[in-house]
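Naming: A, B, ... by sequence-line order, numbering from 1 per chain. Values below: every heavy atom of this structure, side chains too, minus hydrogens, waters and symmetry copies.
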Number of protein chains: 2
Amino acid sequence: MLELRHLRTLIALQETGSVSLAAERVFLTQSALSHQLKQLEAYYQQPLFERKSQPLRFTLAGERLLALARDLLDKVASAERDLARIRQGEAGELRVAVECHTCFDWLMPAMDSFRQHWPAVELDIVSGFHADPVGLLLTRRADLAIVSEAEPQAGIVHQPLFAYEMVGIVARDHPLAEKKVWQAQDFANETLIHYPVPDEMLDLWRKVLLPAGVSPLRRTSELTVAIIQLVASRRGVAALPFWAVKPYLERGYVVARRIGEQGLSSELYAALRSEDAGLAYMQDFLSTVRERSFATLPGLTVLEG
Amino acid sequence: MLELRHLRTLIALQETGSVSLAAERVFLTQSALSHQLKQLEAYYQQPLFERKSQPLRFTLAGERLLALARDLLDKVASAERDLARIRQGEAGELRVAVECHTCFDWLMPAMDSFRQHWPAVELDIVSGFHADPVGLLLTRRADLAIVSEAEPQAGIVHQPLFAYEMVGIVARDHPLAEKKVWQAQDFANETLIHYPVPDEMLDLWRKVLLPAGVSPLRRTSELTVAIIQLVASRRGVAALPFWAVKPYLERGYVVARRIGEQGLSSELYAALRSEDAGLAYMQDFLSTVRERSFATLPGLTVLEG
DNA sequence: GATAATCATGAATTAAATTCATTCAAAACA
DNA sequence: TGTTTTGAATGAATTTAATTCATGATTATC
């Protein structure tokens with residue numbers, strides 16, 4: 001018999017295009033999903049996808065179920081918001097402190113969606129780039145902070161959002177384009193172009209250059225497009241989220257390369273005051289961020305608590 | 001986490017008004033449902049019903065979930081019909097043979113609903129009251145027969161629809177109104193008013209009077225209202241489905257009494273040719289009949305295969 | 001044509017849902 | 001006002017179902 005669990009699987013399947021990635025997305029094994037799908041197809045006595053191709057394709061019947069899934073899961077989310085409001089009331093305050101430039105790319109759509117669902121919650125962004133966003137929480141100048149490490153701290157809880165890969169980018173005809181994988185030393189004689197933020201907020205600096213004692217020339221720019229243009233003009237190299245550069249890769253302006261054998265992974269957490277962790281609109285904001293981001297940004301991976 | 005199972009439970013709860021009856025409806029024990037509901041309320045951290053009263057009442061949060069349930073389960077049904085059509089095609093023939101008068105009461109709404117969902121299926125009623133409706137199936141003059149006993153027969157399968165109680169009715173000032181429970185002998189000196197069908201189609205005759213060798217005076221009428229009027233005018237007594245007489249009981253025209261210690265139960269099955277049992281529109285017709293009937297007729301109970 | 005990568009499968013395991021047996025609470029009855 | 005009956009709740013035992021593990025099959029990739 002059909003359950004919502006199956007529909008959640010279908011959504012993950014579509015968003016990832018493969019059984020194994022979808023399994024990771026819903027925190028199950030590939031095997032579990034394979035069994036689940038087999039059971040679904042047996043129940044409806046017809047195939048729901050063709051697994052031959054990558055990404056896998058839905059059959060007509062599969063598409064129909066997928067449409068059902070989107071419809072139903074939206075409605076469930078809406079009903080659960082209503083239940084939360086019945087329990088805790090409509091209103092509240094949600095001031096978001098952000099420490100990363102690219103965060104705005106996924107934050108804006110999520111905030112738009114949230115604003116519609118919680119019109120009585122005062123939503124705001126704490127502007128400026130602070131060295132210590134968690135301090136803003138404790139001094140009650142913000143209610144939620146987006147951070148890249150979950151450093152334990154009294155009175156603060158960290159909730160995982162998602163992870164993604166940071167890739168190195170250079171012009172197509174730059175010598176580094178030849179190397180499949182870059183190491184710290186490869187940056188030594190390059191100019192590194194980055195956002196104007198403190199060093200410790202740059203993943204590349206914290207996790208790669210600093211440990212290796214490499215200290216390249218530097219240049220900053222506020223805007224992602226400007227950084228891309230500088231790189232394309234051979235003014236230097238940069239490290240950016242894969243999902244942020246993908247559109248430019250497809251147009252061939254620059255090429256992207258892995259940094260380190262395992263790739264340079266960047267993680268995002270929401271930090272909030274422990275007392276606020278039970279607030280329904282807070283949890284719904286986090287769900288919205290995850291849901292919208294996974295649905296729109298390519299290459300995201302889940303992050304365990 | 002919410003699953004469709006929970007929503008199916010909520011619908012059953014509303015339709016029956018009690019945990020134990022709802023449990024029976026969804027083929028589970030009272031205990032199972034009690035646990036399930038407790039789990040739901042823990043998940044949403046708020047009460048969903050007040051069990052103090054009979055029938056139980058939904059809280060605001062419960063009502064919201066109930067609305068979700070109706071919406072979602074409708075959509076699931078619609079999607080599953082589409083899947084069935086994708087697999088087997090749209091068209092077919094469905095001629096229904098009916099042997100009981102009151103059947104039309106629940107058959108008409110179900111047929112209306114079905115006609116909208118399967119416009120390409122030729123839906124028809126085989127008119128007249130036949131002594132052997134199953135014969136019509138084998139000679140291919142009908143595709144589905146409504147019968148009150150599941151007599152095994154080669155090439156025919158019986159699918160349970162539902163069961164209900166047949167109650168005896170008399171005028172309020174009739175001596176039999178004093179008796180809480182009637183036995184076969186109580187009919188001996190009365191005039192029994194019934195539909196003009198062969199004796200073996202009357203549940204009262206088959207299950208009560210014939211075994212006891214009681215043979216009262218008889219009088220027939222085509223219409224339920226006419227039977228009620230005759231009874232109210234002290235022209236005799238009758239046995240009718242509880243759900244058919246309930247509106248008249250509430251107006252006080254007649255009173256209803258149990259027949260036999262356990263009550264006289266009437267069962268309904270759909271008989272169809274084995275080869276047709278896998279047809280999607282056939283199964284959907286049966287689901288529709290059950291669903292519509294349980295939702296609208298009071299006092300129905302489930303019938304196991 | 002070898003080598004990953006992805007998916008499928010059966011058995012074993014784990015987790016979850018359900019039942020059983022009983023108690024508790026409330027309503028109906030005398 | 002007890003007494004009986006009915007419906008719901010509870011904890012432990014059980015059953016059922018879902019998931020993982022270990023592995024084999026299949027399909028992409030170089």
(Q) Any salt bridge linking A:Arg8 with B:Glu3? Criterion: basic side-chain nitrogen under 4.0 Å from a carboxylate oxygen. (A) yes
**Q.** Letter per nucleotide, 5' to 3', of nucleotides 6-14 of chain C [B base touched, S only sugar-phosphate touched, - untouched; heavy atoms, 4.0 Å]
**A.** SBBBB----
Whole-Å gap separating [atom2] ([N]) and [atom1] ([X]):
X: B:Gln36; N: D:dT10; atom1: CD; atom2: C1'; value: 16 Å
X: B:Glu50; N: D:dA8; atom1: CD; atom2: P; value: 14 Å
X: A:Met1; N: C:dA17; atom1: CE; atom2: C1'; value: 16 Å
X: B:Leu28; N: D:dA8; atom1: CG; atom2: C1'; value: 16 Å
X: B:Leu13; N: D:dG7; atom1: CG; atom2: P; value: 14 Å
X: B:Leu33; N: D:dT10; atom1: CG; atom2: C1'; value: 15 Å
X: B:Leu40; N: C:dA17; atom1: CG; atom2: C1'; value: 13 Å
X: B:His6; N: C:dA16; atom1: NE2; atom2: P; value: 12 Å

Minimum heavy-atom separation for [X] and [Y], please, with both atom names.
X: B:Leu33; Y: B:Val26; answer: CD1-CG2, 4.0 Å
X: A:Glu15; Y: A:Ala295; answer: OE2-CB, 3.3 Å
X: B:Leu37; Y: B:Phe49; answer: CD2-CZ, 3.5 Å

Q. Can you tell me if B:Arg172 uses its side chain to pair, donor with acceptor, with the backbone of B:Val255 under 3.5 Å?
A. no
Q) Are any of B:Gln39's side-chain N or O atoms less than 4.0 Å away from OP1 or OP2 of C:dA17? A) yes
Q.
B:His6 and side chain to side chain contact (heavy atoms under 4.5 Å, CB included): which single residue from B:Leu48, B:Leu65, B:Leu40 fits?
A. B:Leu40
